[in-house]
Amino acid sequence: MEKYNVQLDSFEGPLDLLLHLIHQAEVDIYNIPVATITEQYLQYVQAMQELELDAASEYLVMAATLLEIKSKMLLPGDTNTDEEVYIEEEDPREELLSRLVEYKKYKEAAQHLKEKEEQGSAQFAKAPTVPDESSGKEKESNLPDNISLFDMLDAYEKLKKRVRYKSPKMTKIKGDDISMEDRMSEVLTYLHQHQGKSGFFELFPLHERQHIVVTFLAILELMKNRQVTCVQSENFEEIVVHQTEEDLVSE
Amino acid sequence: MSEEELQGALQGLLYVCGDEGLVVHDAARVLGISEEETTQYLNQLKDWMQLNMPGLQLKNYGSKFQMVTSEEAAPYIEKLAEVPEKNNLSQAALETLAIIAYNQPVTKAEIDDIRGVKSEKAVQSLVNKALVIDAGRAQTPGRPIIYQTTERFLEYFNIPSIQELPDLHESIEEETEEADLFFNQLDEE
Amino acid sequence: MSEEELQGALQGLLYVCGDEGLVVHDAARVLGISEEETTQYLNQLKDWMQLNMPGLQLKNYGSKFQMVTSEEAAPYIEKLAEVPEKNNLSQAALETLAIIAYNQPVTKAEIDDIRGVKSEKAVQSLVNKALVIDAGRAQTPGRPIIYQTTERFLEYFNIPSIQELPDLHESIEEETEEADLFFNQLDEE
């Protein structure tokens, strides 16, 4: 459930979802197995609905397009007995293909811009020095005629990017981000080192909020994957986490 | 940290602090060295700039170091500021104006706080241009003056009303439409 | 004016302009030399700073030069000052921006068409961030608004000019060959 949610949210539209499915199926974009991809596509859209993600109409239009292509491809090529004419006929996938290729170009360009953005976020500049406006009060009430709202927004955006030096400032010490995957394997390693079981609380060595939350999620995920089981002998008793045999086998 | 890294860090710090100046104590904390050492490095940088950067210099006021333009560059800076279109609404004035427009009524202290630098001059120039007006005093301690934009501001930027300023808050969610019926039909195939 | 004086003047001007950036045209006027010469001196200064000032660098985009801190100084600056939250652009905004950058001027309908989704909000947020500007109306039926990128776009992504965006078509051409191959052995499913 969680997994779906994250993934569905990250698509930028039907073309993006299709590219993802094609990539995942490891098939050539120029030779899309329409039946398979359509089926997967519909599953995703259905999942969106179930998760009440409000599948946008664009996704549904694409679903219709896919179904149409699929049915065209199923039609035997016997409407024209003449071989020559048959070859002249368009591949029903062609239009979709060109849209996908076109979209993919810009998706890649967007990725390139993202890298540039990352670089730029480590560069800072000072505020412009305001000149002394001592003379020419009369002139001042005249406004230049080449300044637009856009210039004001531009100035405001620059301001937002600027660092603010207010001394003295307390530095916040931020812990490193811990990923759930790392924490999952750490938990498994710990269990492995302790004859495959551990008290629940032992798995929370650091009393730091983020660490606790991530560890908790990691344990839930391990339970879901059937890599660990949790046993509580009676109410309020400490939970004991066991490494499952399946997991030991798969190691 | 190598000496070059230290000097680089100090150059960067001095530059972003700009007209506010860099307090030695803060620099020392950031670099993880003593205040004496920091002062020593800053003085080294000062000497180096004197020899190698004819347009900029370091000034030392008590516990602060500030990067400033040198006297030789002053005539050119004045000339740059003289350009009418340029001077009339500087970036400083424009960003101050944006802050007032989106937060009005607002005090000078609040503007300074958002900009991170003193905005006295920028506010004054906006008042002189009648884009912004002194709208009385806040009911907070010290009763500071509060500012708001004028009719002329709306006219100048061709905005029907303050409510129609573009939204600064981000939300880039795709527009979604209800289409459950449509989907249910697809499902049958 | 000696070369040293010129460099000094430029250093001073760049410092004063800060994140507003120094427009080559303005610098040329102030110095009383041609824009070509000014650009040349600025590029010289850029190279010199790269070699001699580990903490600062010159950035060149569009018609402007801007003095910024170098990446090496960033960790110290982040420790010293309140660094603005990284408000990175969303994927939708980046894709929309890429489409505008490579096809400008372009209408919203054309953007929607390439992305396969409505891009209304993404376009609006780019306009609010001053990365894209409404550049009038197309001469086509309905006279839709056309959009183009701004100088701030170049600055934000550190691109000297639109011409220097990486070529979009390169990777595609190879793929087209594959496509031709494929179309020759068409009916497979």
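None of the values given here were measured: they were computed from a predicted structure. To find a chain, count down the sequence lines: A is the first, B the second, and so on, and within it residues start at 1.
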S.K.: Shortest non-hydrogen contact from B:Leu154 to B:Ser161?
M.R.: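 That closest heavy-atom pairing would be CD2-C, 3.9 Å.
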S.K.: With heavy-atom distances below 4.5 Å as the criterion, would you say the side chains of B:Thr69 and B:Ile77 are in contact?
M.R.: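 They are in contact (side-chain heavy atoms under 4.5 Å apart), so the answer is yes.
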S.K.: If I compare all heavy atoms of B:Leu131 with all of B:Phe153, which pair ends up nearest, and what's the gap?
M.R.: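 For B:Leu131 and B:Phe153, the tightest heavy-atom pair comes out as O-CB, 3.5 Å.
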S.K.: Which bit of C:Val127 is near chain B, if near means a heavy-atom gap under 4.5 Å: side chain, backbone, both or neither?
M.R.: neither
S.K.: Which of residues 43-67 of chain C have a heavy atom under 4.5 Å from any heavy atom of chain B?
M.R.: C:Trp48, C:Asn52, C:Met53, C:Pro54, C:Gly55, C:Leu56, C:Met67
S.K.: In chain order, what residues pass the side chain to side chain contact (heavy atoms under 4.5 Å, CB included) check against C:Pro75, with sequence neighbours excluded?
M.R.: none
S.K.: Which heavy atom of C:Ala27 sits nearest to which heavy atom of C:Leu10, and what is that distance?
M.R.: CB-CD2, 4.2 Å
S.K.: Counting only heavy atoms closer than 4.5 Å, note whether C:Glu4 contacts chain B via side chain, backbone, both or neither.
M.R.: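 Looking at C:Glu4, backbone and side chain both touch chain B.
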S.K.: Mind checking side chain to side chain contact (heavy atoms under 4.5 Å, CB included) for B:Glu71 and listing every partner two or more places apart, or none if nothing turns up?
M.R.: none
S.K.: Quick one: list whatever passes side chain to side chain contact (heavy atoms under 4.5 Å, CB included) with B:Ala138, sequence neighbours left out.
M.R.: B:Thr107, B:Thr140, B:Pro144, B:Ile146
